[in-house]
Each structure stands twice: as C-alpha cells, then as structure tokens.
2 protein chains.
Amino acid sequence: MQGRATISDVAAAAGVSVATVSKAVNGRYGVGSETAARVLRIASELGYASSLGASSMRSSRTGVVGVFIAAFEPFSSEVLKGIGVALGDSGNDVLAYSSLTGNEHDGWERRSLSRLGGTLDGAILVAPTVVDLPGTIPLVAIDPHTGPAGLATVDSDGYGGARLAMERLIGLGHRRIGFVSGRHDLRSALLREAGYRSALEEAGIPFDADLVRAGNYELKLSREAANQLLDLPVRPTAIFAANDLSALAVVQVAQSRGLAVPRDLSVVGFDDVPEAARADPPLTTVRQPMQQLGNEAVAMLTALMGQQELRRPHVTLATRLVERHTTAAPAPRRG
Amino acid sequence: MQGRATISDVAAAAGVSVATVSKAVNGRYGVGSETAARVLRIASELGYASSLGASSMRSSRTGVVGVFIAAFEPFSSEVLKGIGVALGDSGNDVLAYSSLTGNEHDGWERRSLSRLGGTLDGAILVAPTVVDLPGTIPLVAIDPHTGPAGLATVDSDGYGGARLAMERLIGLGHRRIGFVSGRHDLRSALLREAGYRSALEEAGIPFDADLVRAGNYELKLSREAANQLLDLPVRPTAIFAANDLSALAVVQVAQSRGLAVPRDLSVVGFDDVPEAARADPPLTTVRQPMQQLGNEAVAMLTALMGQQELRRPHVTLATRLVERHTTAAPAPRRG
DNA sequence: CTGTTAGCGCTTTCAC
DNA sequence: GTGAAAGCGCTAACAG
C-alpha cells in the first residue's frame, strides 16, 4: 500500500501487460472478461487509480471539469456550490483552481488554463479579466470582463440591481448618496456604476463626482473610499457600494467613526454573500443568485462539451433587493 | 494564440532546444543570460505555461497543494476559505478536488489521492473516512475518521461543544431532548453524541434511546429523524442536531407540522455555517472555527512539506455556543 | 485476446 | 552554454 500504485505495478501483479490493464480499467474492448475481472480485482486491491496527469496526456476525455477562480472568497465559494450540485450527477469530477501566484500581466486565468487546460474536459472561469484565452477546451465565463462575443457567459443584472438599490435609497428620502465603485475591468462593476448614475438622473439628482470613490472590491481601498466620503464637508446620508465586501467595509468605518448605521448613514451592498446576513447590523444588499450562476454555467458548459450549439450564449439573471438593517430614512437635517 | 503553446513551440520560436527552454523557464543554471531572456520573452508572448500534468511526471516540486473534499458544501467551503488565505503568501497554488464519482467502497479520498497525488506537493483531506492512505506526499486531515496515529489531524472540540449546547438547553428547563446523530464514520460525530449523553447524565436525566435518531448529516435522513422524534407519544421539547444541515432540517419539519420554533420546540445545531445565520428563525448553534481549521491545517502541512517534525500532530480547536433564535424555555406543560 | 511500440509534454543527466 | 536522449505513467494504434 506504500506510494501510489502505477499501471505497471498492476500489470506485474496480474501477470499481464500494461496495455491490457489500461484496456481493462477503461472498459475498452479486446480483453477477455476473465482477465478483465482479475485485473480489476487486483487494481482495486492495490488501490490503483490512473494518474490524471499521465492519462490526460494521451487521451482527450478525463471526466473532470475545472473551475478557475482568483481566490476562495465568498462570491466564488457560492458559485462553486452551485457548480458542484449542478455537476453532481454528470459523472464528472470538479477541480477548482486558485492561482495566487504570478499574478502579473499574464492574468491568472491564462496561466491556469495553460497549466491545466490539457487535463480538463471543460472549464468555467469566474470573473476573468483577460480577453483572449487559448481556445482548446469548452469554456464558459461567469461575470466576465467584456470579452469577445465568442465566449459563453453568465452574469446577473448589475444595472437593474443597482437601480433597485438606488431607488430604495431615494424613496427613503436620501438625496446625497455616495458610491464605492468596483473593479473597472469587470463589466458587472461598470454596470452597477451605470445603474447608480441612471437612478440619480431619473430622480433629478445632479451627479456629483466627489461622491464616487474607487473601492476596487478591495478591503483596503474600500475603507479609504469610505473615509474620504465621510470626510466630505457635506457628508452623504447614504452609501451604495459595488459589492458586499466594500459595503461591509463602509459600515465598519462609519461605526469606528462613531456614526450609527443606519441612523446616521444608510448602506447598501451588492451580492448578498453569506457574510452580509451575519454582519451587525445585517446588511441591506442586492442579491444576485450566485449558486444559480453556477448552475447556468454548468448547463452551458455541458452543452458545449456535448458538441452542441448554444441557443443563448449569454445569460443574465435577475437580481433583487434584500432589505435588512442598514437602511433607513435620513436623519433630519443637522447641518 | 490558438490551442495552448507547448515547450516545443517555444523552443522552435526561440531557435533553441526544448532542454534550454525548460532550464530557462525554471531558472536552472546552465543557460546564457541572454538566451534565457529571449526564451522568457518568447514564452510570455506565446502565453506559455508548463503543463502541470507533464511536469509533475518528471519533477517532484510543482508548487500546488491539493484539498480533497467530498463536495462543495458549506462546511468545506468555509474550510477552503481558511486554507486559501493561509496559503496566500506561500507561493503555492491551491487545487480543490471533489470526486462525486465512483464513491464505492474505495473511498473518494483514496481514489483522488491516487489520481492527483503525484501532481501535488502536499494535500489536505477534509472529513476523510478512509484509514490507510498511500503515503506518498505530506498529508493532513481535517475532521478525520479515527485514523492511524501517523496522520496529522486538525479538528474541533465536538465533545465540549455538544456539552455547551446541552447545558444551555437543560439550563433553559428542557428535560426531554432529542438528538439527531451524524455520520458514524467520523470521530467528530461520535464525540458530539458522547457530549449529548454525558450532559444528560450529569444533569441526572435518564438516557432514552427513543430520543436519538440517525441523521447521518444527510437532508433526507435528518428529516425522517425529525419526523420520528416529533411523532413520539411524548414529544421532545428540544432537539440537538449533530450539524447545522440536520438542525435546519429539523426546524423545517417542525414548522411544516405547524409547530413554532422556538415556542413549541427548541433546536440547536452544530458548525455555524453561514446558512445558519440566515435561516428563519436564525439558528442557535455551536460554532466551530471552520476557517481556522483550514489555517491550522496549512500550518501543519507547510511544516511537513518543509521536512519538519510536527510538534503537535493533532490539534483540537475550541467551540462555542452562538445563541440565536431557535432556543427558548419549554412551553408550560400541555400534555 | 494480448503484447509491442510509439509518443503525449516535460525535466534531467550527460555529452559535446 | 547547449542539445540529444531517456523516461515519468499512460493510451492508442498495430502486430501477432
């Protein structure tokens, strides 16, 4: 049982050639059923399973689909859950890969695809920002950069979602609403920002560039953005953030400055990651169906892997506002 | 840019041999600095990155650590987050693998390890139930089956946690407390059950076998267990479940039978997965530090990969009770 | 039905 | 400093 058995170990133990073992293990024709049975038994006894790396070098199908993510953060994790259940019965294994390493200009998605592409039957990219990907295997992107029309994509309605958030805030009576923006290399982030502006415009509230600050979906930057916004001579009464991470950062900063949320400042996020519900106070946010994003991506990928044409190569899912406890009417004017 | 570039593509384009490219790319000695620079530039232009499968067949270090999980469910997802951040700076990539396929007697952990073992520098197994694993690479198990003393493990204090839950329930005045058990092939599940019994005993409440039902950490079974418990002639006033999934199932079943939680039935879970906080009503549960489980595992694995001896090959983390809204004093006797 | 052979992409001696 | 060659574990022709 020491050190993984190889195909030759099995062959030797069974007294046959490696070719025969390979055929038996893969259920190919051309092996006596008796021989096959014996080989299988021995393989099982030895705990043999073919090396993914080696076998993928010779044959095309491997039965594993890859998911490439930048990191195991809440958003990707939810997507992964959706992918996992959707793939549950397909007989495919799931391999999620996060490459923190060498994040230079290459882009992790390129590098990862290069390293693993040959090994996979298909892949899903979560929030890729790189445009031209090697076109070896079926690919679908979730929440992508504005990429080539050729790439199948799934995302959710960031524009509409942002409007939902803003309309609520405006309906509550807010007129001075800050915005912490997201990663500008992601279409979804841009759309959320567009929704912010359009809602303002529709309500007849003039756009004020001072009220939008870069958060880039990063904790540090979002905190800075929040501080800048709250340092403004005339403080915003509400802040809409491009994702929950940023929104949570805003809440935290506000609280650390002695401001009560939502009494002194309303905050709305975007995503509805699990962390949003457990925050204190629980975050009002725009929910995007993250697990369903995964489901849809799997459906498309499955079609692609089955050589099918996609009816709809771009799917957009609806978002909705989840009101929790970080929104309220603005406090009566205090100067 | 079509179809991943291989090392020979780079070699051809650079007018050198594949051997030279390999050395240049891997920073080995024996290449002119001028040549190396040119090769590197061309490699980058071609978007070349060495195939993981192929390179792992020849060299030992690959810079990727694996995490093997049964599925992308809430518990594993949290652990993965912890592993991800802990590994962030190590320069290692993370590869999470879930093999739903062929879950026969082999055990997914064996099979997966066999298929990928050669490709990884080390691996973390989440809730493995198989005992003898091939000992090829550094391994650490999180929440393992009672395995050989040789395997490094990290888990949390299931016994103490269960007692916390039970003591609270008993303190609230409950005397008739049901238990939905977990997977009996996991030590943690057994310890939670032991905690249940010991707390009962200590409070002088006689153990009643009718009050414990198998949930196996499965939705379906847990629902059945809940129904059986609630069908009892003398209904329990509280139910402690071995994990949150089961607890949530119990709440759901109770509600569907017209019982109000916590008025008619108190429920306590175990884990504190994100879903527990968002449930309605939010679940009272025993929190185990899932992300920290991941951190600890990484620390141990890193030591192991660095050839170091482990000071403490078995680490157990503390748990604590998180009271939310599924617990209350039992209703006054109504027969 | 079974074994021999070639070669996937890569790294590593070992000559030159 | 550079390249030829061997071989990692495996599968796919092709012989026998």
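Here is the naming used below: chain letters follow the sequence lines, and residue numbers restart at 1 for every chain. On a predicted model such as this, the values are computed, not experimentally measured, just so you know.
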Distances for protein N/O vs nucleotides 5-7 of chain C N/O pairs under 3.5 angstrom?
from: C/dG7; atom 1: N2; to: A/Arg58; atom 2: NE; distance (Å): 2.5

Set out, in order, the CA-CA distance, both residues' side-chain angles and the distance that settles side chain to side chain contact (heavy atoms under 4.5 Å, CB included) for B/Ser51 and A/Arg115, then state yes or no. CA-CA 4 Å; B/Ser51 146; A/Arg115 294 201 75 184; over 6 Å; no
Go through it in stages, so that I can follow the logic: the residues are B/Val65 and B/Leu120, the test is side chain to side chain contact (heavy atoms under 4.5 Å, CB included), and I'd like the CA-CA distance, side-chain angles, deciding distance and then a yes or no. CA-CA 5 Å; B/Val65 336; B/Leu120 306 169; over 6 Å; no
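For the pair A/Asn26 CG and D/dA13 P, the interatomic distance rounds to 13 Å; values are reported in whole Å. Between A/Ile7 atom CD1 and D/dG9 atom P there is a gap of 11 Å when expressed in whole angstrom units. Rounded to whole Å, the distance from CZ on B/Arg28 to C1' on C/dT11 is 8 Å. Taking atom CG of residue A/Leu52 and atom C1' of nucleotide D/dT11, one finds them 14 Å apart after rounding to whole Å. For the pair B/Lys23 NZ and C/dA15 C1', the interatomic distance rounds to 11 Å; values are reported in whole Å. When the P atom of D/dA6 is taken as reference, atom CE of B/Met57 falls 17 Å away, rounded to whole Å.
Between its opening and closing five pairs, the helix from C/dC1-D/dG16 to C/dC16-D/dG1 changes axis direction by 40°, a value rounded to 10 degrees.
Side-chain contact of A/Asp9 with A/Tyr48: a donor-acceptor pair under 3.5 Å is absent, judged by distance alone.
The side chain of A/Ser59 lies closest to D/dT11 when the candidates are D/dT11, C/dT11, C/dG3. For B/Val16, counting side-chain heavy atoms from C-beta on, the closest listed nucleotide (C/dT2, C/dG9, D/dG3) is D/dG3.
Not one side-chain nitrogen or oxygen of A/Thr6 sits closer than 4.0 Å to the OP1 or OP2 atom of D/dG9.
With respect to the salt-bridge test (charged N to carboxylate O, under 4.0 angstrom), the residues B/Arg41 and B/Glu45 qualify.
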